[in-house]
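Okay, structure first, notes after.
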Amino acid sequence: MLLSAFGSLLQLLYLGMLVLAVVAFFFAATAREDAYRAADKKKKSFWLIILGVAVAVNLLIPFLFLQLAGVVASIVFMVDVRPALKEVSGGSGGRRGGSSSDGPYGPYNGGR
């Protein structure tokens with residue numbers, strides 16, 4: 001019983017690593033090439049190769065060390081590269097429009 005629960009947990013972990021790699025690859029593929037240069041990051045082709053290998057390793061090679069290397073690459077992309085790409089591409093996260101004096105709940109009126 002304990003062994004089957006561990007096997008299920010391990011399968012869930014593998015699935016999570018695959019999903020993370022696929023999502024990171026998708027974001028890397030959909031970003032503009034010039035955004036990588038403007039954000040002073042590695043080339044788009046570099047990230048597509050690294051993240052593509054991460055996806056392939058997760059799908060084809062059941063070797064945890066290589067899969068963990070792919071997870072690290074995916075996390076680096078999602079935490080460091082993607083926000084920089086969004087910043088130089090004009091992505092504002094969840095907020096669109098508004099002025100610089102807008103707060104999280106609407107415009108700031110200076111206590112009036």
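- Cluster annotation: Leu64 and Leu12 are assigned to distinct hydrophobic clusters (Ile/Leu/Val/Met/Phe/Trp/Tyr, side-chain heavy-atom contacts under 4.5 Å, transitive).
- Distance CD/Gln11 to OG/Ser4: 10.5 Å, rounded to 0.5 Å.
- Atom CZ of Phe26 has 12 or fewer neighbouring heavy atoms from other residues, nucleotides or ligands inside a 6.0 Å radius.
- Looking at heavy atoms from C-beta onward, Arg32 lies out of side-chain contact with Leu85 at the 4.5 angstrom threshold.
- If you chain together hydrophobic residues whose side chains sit under 4.5 Å apart, Phe6 and Leu68 fall into the same group.
- There is no path of hydrophobic side-chain contacts, each under 4.5 Å, that joins Met17 to Leu9.
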Can you check side chain to side chain contact (heavy atoms under 4.5 Å, CB included) on Leu13 and Gln67, steps first, answer last?
-> CA-CA 10 Å; Leu13 179 67; Gln67 290 175 327; over 6 Å; no
Atom pairs and distances, side-chain donor-acceptor, residues 48-61, under 3.5 Å, sequence neighbours left out:
residue, atom, partner, partner atom, Å
Asn58, ND2, Ala54, O, 2.9

Show every donor-acceptor pair shorter than 3.5 Å between a side-chain atom in residues 36-43 and any protein atom, with sequence neighbours excluded, or say none if there are none.
residue, atom, partner, partner atom, Å
Tyr36, OH, Ala28, O, 2.9
Lys41, NZ, Asp80, OD1, 3.2
Lys41, NZ, Asp80, OD2, 3.1

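- Of the possible donor and acceptor atoms, one in the side chain of Lys44 sits under 3.5 Å from a partner among the backbone N and O of Ala31.
- Pairs engaging residues 60-80 under the ring pair (Phe, Tyr, Trp, His ring centres under 6.0 Å) rule: Trp47-Phe77 [sequence neighbours left out].
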